[in-house]
J.: 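Sharing a structure here in C-alpha cells format.
Just so it is clear, the structure is predicted and the values come from calculations on it, not from any experiment.
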Amino acid sequence: MSSSYKTLNITRSTDGFVVTVELCRPEALNAMNTVMGEEVLRCFDAFQWDKTVRVVVFTGAGEKAFCVGGDLKEREGMTDEAWRAQHFIFEQGAARVLHCPVPVIAAVEGFAMGGGCELAVLSDFVVASESAVFAVPEVTRGIFPGIGGTQLLPRIIGGPAAKEMIFTGRRVDAHEAKALEIAATIAENGPIAVRQAKKAINWGSETDLETAMALAIEAYNNTVTTDDRLEGVRAFNEKRKPRFHGR
C-alpha cells in the first residue's frame, strides 16, 4: 500500500497483518477536507486487493480528536455544486470503510463529531478512551448526517437513543479500552475464517434467516479446503499456537 498521503499516516505491524490508518490533521482536530476524503477513499480502496492485511485500526492524530467531521472552514462559501461534489467523495470513502473485507476497529480518543462519529460507527466496532466524546450535531448547523449516521446509529444503539443524539446533537461520553490489543488478537486468528465470518454476519443480517443460514454454510465450506484449517487442527493436537498464512 502506498504511504504517499498528505492527510493520513499509514503504519503496519512488523508482520504486516495490522494496518493503522491515522487521520492526520491535528491542527484542525482531524476535520475532513476534500484531500482527506479522497485519501480515505484511496486508502480503503487498496484494502480490497491487499491480501496481507488482516485488521485495520482507524484512528486520529493527537489526543484531542478522532475526527470532528467535515471541515466547515473549507466549506465556507462553497457553491451547492461544489458541496455535493465533495460529499460524493465522502460517500464513496464511507462505503469503502463500511465494506472493507477485513475487520476495522475505530480507536477513538477525544472528539468524534458529525462525520467523525459516522466514520467511527462505519467501522466494525469502536474502542474508545475515557476522553472520547461522540456527537452527531449536524442538525444544529442545518446540515444532515450524510454518511450513514441515520442508518447505522439506530442499528447499533437503538432507535430512541439514536434519535435523541441526532435530533438534539448532544454529546455522549464513552468508556476506555485498547484497540491495538484487540487488533493483535484478531490478527492471530485465521484470516480467511475472519473474512468469511465478517461477510456472513454482514450479508446474513440483511436477509431472511433461511438465506442467512445458507450463506453461513457457504462461508463455512470456503474455509474447509484451506491450509489454515489444516494448520489450526494440527496446532491444536500438537498443543501449540497455529501459524496462519491466509491460504
J.: Under a 4.5 Å cut-off applied to non-hydrogen side-chain atoms, are E109 and T59 in contact?
T.: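 Of all side-chain heavy-atom pairs linking T59 with E109, none is under 4.5 Å.
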
J.: Is M32 close to F90 at the side-chain level, that is, under 4.5 Å between some pair of heavy atoms?
T.: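 Answer yes - side chains close enough.
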
J.: Does A214 have any side chain to side chain contact (heavy atoms under 4.5 Å, CB included) partners at least two apart in sequence or in another chain, and if so, which?
T.: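 So A214 forms no side chain to side chain contact (heavy atoms under 4.5 Å, CB included) with any residue.
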
J.: Quick one: closest heavy-atom pair of G232 and P242, and the distance?
T.: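 Smallest heavy-atom distance, with atoms named: CA-CB, 4.3 Å.
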
J.: Return each pair, listed once, that meets ring-ring contact (aromatic ring centres under 6.0 Å, His included) where at least one residue sits in residues 51-76; pairs must be two or more places apart or across chains.
T.: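 Qualifying pairs: F44-F58, F58-F66.
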
J.: Can you tell me how far CG of N189 sits from CG of D228, rounded to the nearest 0.5 angstrom?
T.: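 Reported to 0.5 Å precision, the distance equals 10.5 Å.
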
J.: When clusters are formed by joining ILVMFWY residues with side-chain heavy atoms under 4.5 Å apart, either directly or through shared neighbours, do V104 and I156 land in the same one?
T.: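 Both belong to a single hydrophobic cluster.
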
J.: Which atoms form the tightest heavy-atom contact between I166 and G149, and what is the distance?
T.: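 The pair with the smallest heavy-atom distance is CD1-O, 3.9 Å.
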
J.: Using only atom types and a distance under 3.5 Å, with no angle test, would you say the side chain of R229 pairs donor to acceptor with the backbone of T225?
T.: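 A pair under 3.5 Å: no.
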
J.: For the side chain of N30 and the backbone of A65, is there at least one donor-acceptor N/O pair under 3.5 Å apart?
T.: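 Present.
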
J.: When rounded to the nearest 0.5 angstrom, what distance separates NZ in K51 from CD1 in I192?
T.: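 So the gap between those two atoms works out to 9.5 Å.
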
J.: Can you confirm whether R171 sits close enough to M113 that some side-chain heavy atom of one is under 4.5 Å from a side-chain heavy atom of the other?
T.: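 Side chain of R171 against side chain of M113, heavy atoms only: contact under 4.5 Å found.
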
J.: Mind checking whether I105 and S123 have side chains closer than 4.5 Å, heavy atoms only?
T.: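 Result no, sub-4.5 Å side-chain heavy-atom pair not found.
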
J.: For residues V194 and F244: do they belong to one hydrophobic cluster (side chain heavy atoms under 4.5 Å, members Ile, Leu, Val, Met, Phe, Trp, Tyr)?
T.: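 V194 and F244: separate clusters.
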
J.: Is there side-chain contact between I10 and Y5, with heavy atoms separated by less than 4.5 Å?
T.: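 I10 vs Y5: side chains touch.
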
J.: Starting at CG of D45, measure out to CG of D50 and round the result to the nearest 0.5 Å.
T.: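 Interatomic distance, D45 CG to D50 CG, rounded to 0.5 Å: 12.0 Å.
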
J.: I need the minimum non-hydrogen distance between G37 and I89, along with the two atoms involved.
T.: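 Closest pair (atom of G37, atom of I89, distance): C-CG2, 3.5 Å.
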
J.: If you look only at distance, which donor and acceptor atoms sit under 3.5 Å apart when one is on a side chain in residues 139-146 and the other is two or more places apart or in another chain?
T.:
unit_1: T140; atom_1: OG1; unit_2: P137; atom_2: O; d: 2.6

J.: Would you indicate whether M78, at its atom CE, is surrounded by more than 12 heavy atoms from other residues, nucleotides or ligands within a distance under 6.0 Å?
T.: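 Counting other residues, nucleotides and ligands, CE of M78 exceeds 12 neighbours.
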
J.: So does E81 have more than 12 non-hydrogen atoms from other groups sitting under 6.0 Å from CD?
T.: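 Result for CD/E81: open.
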
J.: Going by the rule side chain to side chain contact (heavy atoms under 4.5 Å, CB included), which residues pair with N222 if we only count those two or more places apart in sequence or in a different chain?
T.: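 Side chain to side chain contact (heavy atoms under 4.5 Å, CB included) list for N222, sorted by chain: Q196, K199, E218.
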
J.: Under the 3.5 angstrom rule, does the side chain of K198 hit a backbone N or O of V102 as a donor-acceptor pair?
T.: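 Yes, the answer is positive, given that a donor and an acceptor are paired below the 3.5 Å cut-off.
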
J.: According to a hydrophobic-cluster definition based on side-chain heavy atoms being under 4.5 Å apart (Ile, Leu, Val, Met, Phe, Trp, Tyr only), do L72 and L29 belong together?
T.: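 Not linked; separate clusters.
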
J.: Ignoring hydrogens, what is the shortest heavy-atom contact between C43 and V21? Give both atom names and the distance.
T.: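 Scanning both residues completely, I find the closest heavy atoms to be SG-CG2, 3.8 Å.
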
J.: Measuring from atom CG of L8 to atom OG1 of T20, what distance do you get when rounded to the nearest 0.5 angstrom?
T.: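 Atom-to-atom, L8:CG and T20:OG1 are 12.5 Å apart.
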
J.: Verify the neighbour count for atom CD of E27: are there more than 12 heavy atoms of other residues, nucleotides or ligands below 6.0 Å?
T.: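 It does: E27 CD has more than 12 such atoms within range.
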
J.: Between R243 and D227, is there a salt bridge with N-O shorter than 4.0 Å?
T.: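 A salt bridge is absent here (no side-chain N lies under 4.0 Å from a carboxylate O).
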
J.: Of all the heavy-atom pairs spanning A200 and A216, show the shortest one and how long it is.
T.: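 What the structure gives for the nearest pair is CB-CA, 4.4 Å.
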
J.: How far does CE of M213 sit from OG1 of T211, to the nearest 0.5 angstrom?
T.: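 One gets 11.5 Å once the value is rounded to the nearest 0.5 Å.
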
J.: Could I get the full list of side chain to side chain contact (heavy atoms under 4.5 Å, CB included) partners for E91, not counting sequence neighbours?
T.: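 Partners of E91 under the side chain to side chain contact (heavy atoms under 4.5 Å, CB included) test: H87, F88.
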
J.: Measuring only between side-chain heavy atoms, which start at C-beta, is I157 closer than 4.5 Å to M165?
T.: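 With C-beta onward as the side chain, the pair touches.
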
J.: Restricting to side-chain hydrogen bond (donor to acceptor under 3.5 Å, both in side chains), what partner residues turn up for R234, sequence neighbours left out?
T.: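 With sequence neighbours excluded, R234 shows a side-chain hydrogen bond (donor to acceptor under 3.5 Å, both in side chains) to E231, given in chain and number order.
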
J.: Any heavy-atom pair between the side chains of L215 and Y220 that's under 4.5 Å?
T.: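 Result no, sub-4.5 Å side-chain heavy-atom pair not found.
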
J.: Partners of E38 by side-chain hydrogen bond (donor to acceptor under 3.5 Å, both in side chains), sequence neighbours excluded?
T.: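 So E38 forms no side-chain hydrogen bond (donor to acceptor under 3.5 Å, both in side chains) with any residue.
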
J.: Would you name the heavy atoms of A94 and L122 that are closest together and state the gap between them?
T.: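 Reported closest heavy-atom pair: CB-CD1, 3.4 Å.
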
J.: Members other than V233 in its cluster, when Ile, Leu, Val, Met, Phe, Trp, Tyr link by side-chain heavy atoms under 4.5 Å?
T.: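 When side chains under 4.5 Å apart are linked, V233 ends up in no cluster with other residues.
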
J.: Tell me whether L41 is reachable from I147 by hopping between hydrophobic residues (I, L, V, M, F, W, Y) whose side-chain heavy atoms are closer than 4.5 Å.
T.: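 Cluster IDs for I147 and L41 differ.
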
J.: Does R12 form a side chain to side chain contact (heavy atoms under 4.5 Å, CB included) with T52? I'd like the steps, not just the answer.
T.: CA-CA 10 Å; R12 282 183 181 267; T52 302; 4.2 Å; yes

J.: Mark yes or no for whether R96, through its side chain, and Q92, through its backbone, hold a donor-acceptor pair below 3.5 Å.
T.: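 Yes, R96 side chain to Q92 backbone: donor-acceptor pair under 3.5 Å.
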
J.: Passes side chain to side chain contact (heavy atoms under 4.5 Å, CB included), S4 versus R42? Steps please.
T.: CA-CA 11 Å; S4 58; R42 177 157 62 96; 4.0 Å; yes

J.: With a 4.5 Å heavy-atom cut-off, do V57 and V19 have their side chains touching?
T.: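 Not in contact.
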
J.: Checking the side chain of E22 only, and the main-chain atoms of N9 only, is there a donor and an acceptor separated by less than 3.5 Å?
T.: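 Such a contact is absent between E22 side chain and N9 backbone.
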
J.: Can you list everything that forms a side-chain hydrogen bond (donor to acceptor under 3.5 Å, both in side chains) with Q48? Sequence neighbours excluded, please.
T.: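 With sequence neighbours excluded, Q48 shows a side-chain hydrogen bond (donor to acceptor under 3.5 Å, both in side chains) to no residue whatsoever.
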
J.: Go through the structure and list residues passing side chain to side chain contact (heavy atoms under 4.5 Å, CB included) with T7, not counting sequence neighbours.
T.: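 For T7, the residues satisfying side chain to side chain contact (heavy atoms under 4.5 Å, CB included) (neighbours in sequence not counted) are R25, N33, V35, M36, E39.
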
J.: Go through the structure and list residues passing side-chain hydrogen bond (donor to acceptor under 3.5 Å, both in side chains) with Q86, not counting sequence neighbours.
T.: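 By the side-chain hydrogen bond (donor to acceptor under 3.5 Å, both in side chains) rule, Q86 matches T34, E74, R75.
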
J.: Are V121 and F167 co-members of a hydrophobic cluster defined by side-chain heavy atoms under 4.5 Å apart?
T.: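 Yes: a chain of side-chain contacts under 4.5 Å links F167 to V121.
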
J.: Set out, in order, the CA-CA distance, both residues' side-chain angles and the distance that settles side chain to side chain contact (heavy atoms under 4.5 Å, CB included) for F134 and D173, then state yes or no.
T.: CA-CA 6 Å; F134 297 88; D173 293 330; over 6 Å; no

J.: Which hydrophobic side chains are connected to I201, either touching it within the sub-4.5 Å cutoff or through other members that do?
T.: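 Hydrophobic cluster check, I201: no partners found.
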
J.: What is the distance from atom SG of C117 to atom CG of L153, rounded to the nearest 0.5 Å?
T.: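 Rounded to the nearest 0.5 Å, the SG-CG separation comes to 5.0 Å.
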
